[in-house]
Amino acid sequence: SYPEETKFLRSELYKWAGDANCYDKDEPYVEVVTSPNNPDGSIRGTVVNREGGKAIHDLAYYWPQYAPITSKADHDAMLFTFSKATGHAGTRIGWAIVKDKVIAAKMVKFIEVSSIGVSREAQLRAAKVLGVIADECRNTDVKGENFFEYGRRLMSERWGKLREVGMKSNGVFSLPKYPRDYCKFTGEYTDSNPAFAWLKSKEGLNCENLLRDESKIITRGGPSFGVDSTYTRVSMLSRDVEFELLLERLAAVRGTVNGN
Ligand SMILES: Cc1ncc(COP(=O)(O)O)c(C=O)c1O
């Protein structure tokens, strides 16, 4: 999470200034916009919009398996990661598209200083995988689903199952609703199927503790993300067996342990 990271880096230049929605200082600022957002999956834009500010758009989850691609991303500074695009988190490859050459050069220098350079092997692997996926998407002769269609179907099936469990929970927990939108990549109206489920329990319950104590489900609670403990974040990207076990355990949660 950003507060933890900012503190860890002990930067003299930057301080964590809190939720952008509450930012009212008349000072230079950097606003990080994560869209689709982690943890709640919402589509976001800048909110401060003041002179002297810069925005960094984190588009880690802006891929068709998670959300409709409604427009070409065209921000001044955009971050992407191989990990959420294809699931290759361990390869540790990300990239940025940055319009200002001076900022881009500083970012290159930062990578050099902090890591002495990015593993060539990892770069080659990422370039190959992305190349294969892009070729498959462009080649209309390929029969069956392409990589993103496959991912979208899988995510949509998982969300369908999770929502069913949520509906049967008698209000013990609920899930956010997302607007359907036109996806320019697939040419269809599609749903958002975020990589995380942002679970909310009944008022008065601590959702993270409740899931842990009643069903041995490990999640990350709302307070880590600046909201109250009725919220918790559950990964939707586990392996099939783990996901089925998650559904089974969630279905067994009764909300009788108050978890506080
Ligand atoms: C919104 C967002 N951005 C960036 C990242 C960084 O991903 P990685 O370190 O795997 O490149 C994550 C990982 O969880 C994320 O959720």
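For this chain, numbers begin at 1 and follow the sequence in order. Numbering of ligands and ligand atoms starts at 1, following listing order. On a predicted model such as this, the values are computed, not experimentally measured, just so you know.
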Could you tell me which atoms of ligand 1, counted from 1 in the order shown, lie closer than 4.0 angstrom to a heavy atom of T81? 7 (O), 8 (P), 10 (O), 11 (O)
By number and element, which atoms of ligand 1 are closer than 4.0 Å to a non-hydrogen atom of S83? 7 (O), 8 (P), 10 (O), 11 (O)
Is there a donor-acceptor pair closer than 3.5 Å between any side-chain N or O of T34 and the backbone N or O of N38? no
If you have a sec, work out which protein heavy atom is nearest atom 9 (O) of ligand 1 and how many Å separate them, to one decimal? R92 NH2, 2.8 Å
Considering non-hydrogen atoms of the protein only, which is the closest contact for atom 5 (C) of ligand 1, and what is the distance? K84 NZ, 3.9 Å
Taking heavy atoms and a distance under 4.0 Å, where does F82 meet ligand 1: side chain, backbone, both or neither? neither
Between [X] and [Y]: side-chain donor-acceptor atoms closer than 3.5 Å:
X	Y	result
K200	T230	yes
R254	N170	no
N21	D19	yes

Would you please indicate yes or no on a ring centroid separation below 6.0 angstrom for F225 and W198? yes
Quickly, which of D74, L79, T46 forms a side-chain contact (heavy atoms from CB on, under 4.5 Å) with H57? Name it, please. T46
Looking at ligand 1, does any of its N/O atoms fall within less than 3.5 Å of an N/O of T34? no
Given D58, N37, N38, V32, identify the one with the heavy atom nearest to atom 3 (N) of ligand 1. D58
